[in-house]
Number of protein chains: 2
Amino acid sequence: MKTKGKATSFDIAHFAGVSQSTVSRALRNSPLVNEETRRKVWEVAKKLNYKVDKNASNLRTQQSATLAILLFEDPTGDESQINPFFLNMLGSITRACAKEGYDLLVSFQSISQDWRAEYEDSHRADGIILLGYGDYMDYQSRLQNLLSQNTKFVCWGANVEGRPDLTVSCDNYGGGQLAAQHFIEKGRKNCVFIGDASEHSPEFLTRFKGFQETLERHGISCGERHIANAISTEDSGYHATHSLLANNIKFDSLFAASDLIAIGAIKALKEAGLRIPEDVNVIGFDNIAASNYITPSLTTVQQNTTLAGQMLVTNLLSLIRGEDITDTLLPPKLILRQSTSQ
Amino acid sequence: MKTKGKATSFDIAHFAGVSQSTVSRALRNSPLVNEETRRKVWEVAKKLNYKVDKNASNLRTQQSATLAILLFEDPTGDESQINPFFLNMLGSITRACAKEGYDLLVSFQSISQDWRAEYEDSHRADGIILLGYGDYMDYQSRLQNLLSQNTKFVCWGANVEGRPDLTVSCDNYGGGQLAAQHFIEKGRKNCVFIGDASEHSPEFLTRFKGFQETLERHGISCGERHIANAISTEDSGYHATHSLLANNIKFDSLFAASDLIAIGAIKALKEAGLRIPEDVNVIGFDNIAASNYITPSLTTVQQNTTLAGQMLVTNLLSLIRGEDITDTLLPPKLILRQSTSQ
DNA sequence: ATGTACTTTGACACCGGTGTCATAATGTCG
DNA sequence: CGACATTATGACACCGGTGTCAAAGTACAT
């Protein structure tokens, strides 16, 4: 019993003495096929090491049991390193897909490129997950484009008022509140924020707003002079903090828009001879692995990546099934560590 | 100019006033088609937002321009976390695939499961990359199985003598040598190894051999009592080191089979009141991000993940093209940090 | 024996491209 | 002007499955 090349359903039909149609039905356990026939077909299939050709199957059924993930890169990011937070998300999304019986196509995209999400158009994936920091303004129009083509997709990111797409995101505003409240409990009065607090980075902006507005409710202001712009890299955080210090801004607490920024900030603070947490309290955002390893370990607002990956996948699947879904907001959680524990 | 549903090549043929065959040729820039016709076809295609159906195309051509990666999990690993080293590899492989114009299917596999690599059989991928620590003995027979089916695949891992598959790996033996030489230069006399030094973890075993044999050439022995078994997790490294100390083994230098193990070891050493590097020198393996952030920062044998990802992809593509390729061994590099810098 | 319902099967069109072959149109040369 | 090469195009089979429809076979009631 042998075939040239990979076995097809016709080969099985031949050896099992039935028609190809019956083979197809038997292998998918259709109730239309006789028990004994089914057994025989399976037996032959196993012997020939048969596997359904997904291309043929997908072509006929017009669906792929596959999702695609598009990872946008921080445009200035180091080419060889990937933001560890997104790497975690990638891991949890992979797991969530596996659990749902879907395959996952992974692709990196430079945000500047024309990232028309080809996967869904070319029937390689049933839906798309978009993931990445980046300039929201830059790709807003592209989202619109996807929408107009009826492409099924969900985004990880800020759920900005009036944003047209479906998102899953951390409650960034609430996260900023947690940080502010913690500083207030610690009796801190002069707070600074490191990160891009503009509409170009809606996630960071939302974190900042939650932070600032909570402080103000307690009579603490965090105005323009107390913000240093930074993208989500260690270097950028280092330089931003450095320039604050160089400008002689006085502060006793620092909230960074991400852990990478916070790690860079800590380096700058240490170099300036400031003690953490005695002189300056520091809070980050994300809870990446490194934040637990640095000295002092970093108090941070945790994003639950496991849950986030799951929600992205289940929401996308709902969307594909045509169900009505809404934006999902995940609760942040403050992880207390040494950088605020004086 | 409108179509119901997604546009097909027939729709384009209709609007461009040519046959579907010509459309197919024109879109693939076949030299057989007239310049003006080509222009017209492209124009219509763009207007209709046409994208080739990859399922149909792959079905016909019997190839997919897709690679698949199978990630094996450390059986005892925490369900929600992925070994950061492999996460890095995943990132670099993704990048390498993109550079070669291939898509990447990602899949997690429990090593205990029947991980018949279905992707290639089902024509979803042209080749497979296998990645993961794990018990080699467990899946050796499965590799044999893949080979016998003429599946194209490459493995990341130890290139064990007589291993039947094609591998890309770090020169683990050389890495062990680097660690030993460094200890010798530092005048260390009592060395221990933390990790599974058995044929069940051939990579760790090779690292150990390079380490041990180099030490012996300098008259230093590293026998059974100086080895503590551990899998590649922080916890395991912690407990292994703890038990060495509890058994009153004296040592002034510790080589861990991986950075995660080393991080756990450092924790145990610190708790025992030992100073690093004064009392004990520590060297890890991998150079994951965390090793740069812990205190003291960790001297480690770096594996070049960027290069590794590239080699895995290019080797696999060569294999698919039917070219003759051989195992690839990548040079390790010792990264000096505080844990050995007294 | 005849009619009806149900089970099981095979024939066949179809998904949307790609590759082969035949043919029409144009150009070139003796 | 006819023979022949060259260029451009269309018709059609094909990749390997899935879904529909008709029909054969069996069971049971009338």
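The chains referred to below are lettered A, B, ... by the order of the sequence lines, with proteins before strands, and numbering in each begins at 1.
- When the shell of 6.0 Å around NZ of A/Lys40 is examined, it contains 12 or fewer heavy atoms from other residues, nucleotides or ligands.
- Phosphate proximity of D/dG10 to B/Ser19: present, with a side-chain N or O under 4.0 Å from OP1 or OP2.
- Across D/dG16, D/dC21, C/dG19, the shortest atom-to-atom separation from the side chain of A/Thr8 is found for D/dG16.
- Each of C/dT18, C/dT9, D/dT18 was ranked by its minimum atom distance to the side chain of A/Thr61; first place goes to D/dT18.
- For B/Gln62 and D/dC14, the shortest distance from a side-chain N or O to OP1 or OP2 is not below 4.0 Å.
- Rounded to the nearest 0.5 Å, atoms SG (B/Cys170) and CG (B/Leu330) are 6.5 Å apart.
- Among the nucleotides D/dG17, D/dG10, C/dG17, the one closest to any side-chain atom of B/Thr22 is D/dG10.
- The side-chain heavy atoms of B/Asp53 and B/Lys6, taken from C-beta on, include no pair separated by under 4.5 Å.
- Note on B/Gln20: a base of the nucleic acid sits closer than 4.0 angstrom, heavy atoms only.
- Residue B/Glu36 places its CD atom among 12 or fewer non-hydrogen atoms of other residues, nucleotides or ligands, all under 6.0 Å distant.
- Judged by atom type and distance alone, A/Arg25 reaches the base of D/dT20 through a side-chain donor-acceptor pair under 3.5 Å.
- The side chain of B/Leu59 sits closest to D/dG16 out of C/dG17, D/dG16, C/dT8.
- Within the structure, every side-chain polar atom (N or O) of B/Ser57 is placed at least 4.0 Å from both OP1 and OP2 of C/dG16.
- Among the atoms of the strands shown, only primed sugar atoms or phosphate atoms (P, OP1, OP2) are found under 4.0 Å from some heavy atom of A/Arg28.
- Using a 4.0 Å heavy-atom distance criterion, A/Ser21 is classed as a base contact.
- Taking only side-chain nitrogens and oxygens, B/Ser9 comes nearer than 4.0 Å to OP1 or OP2 of C/dG17.
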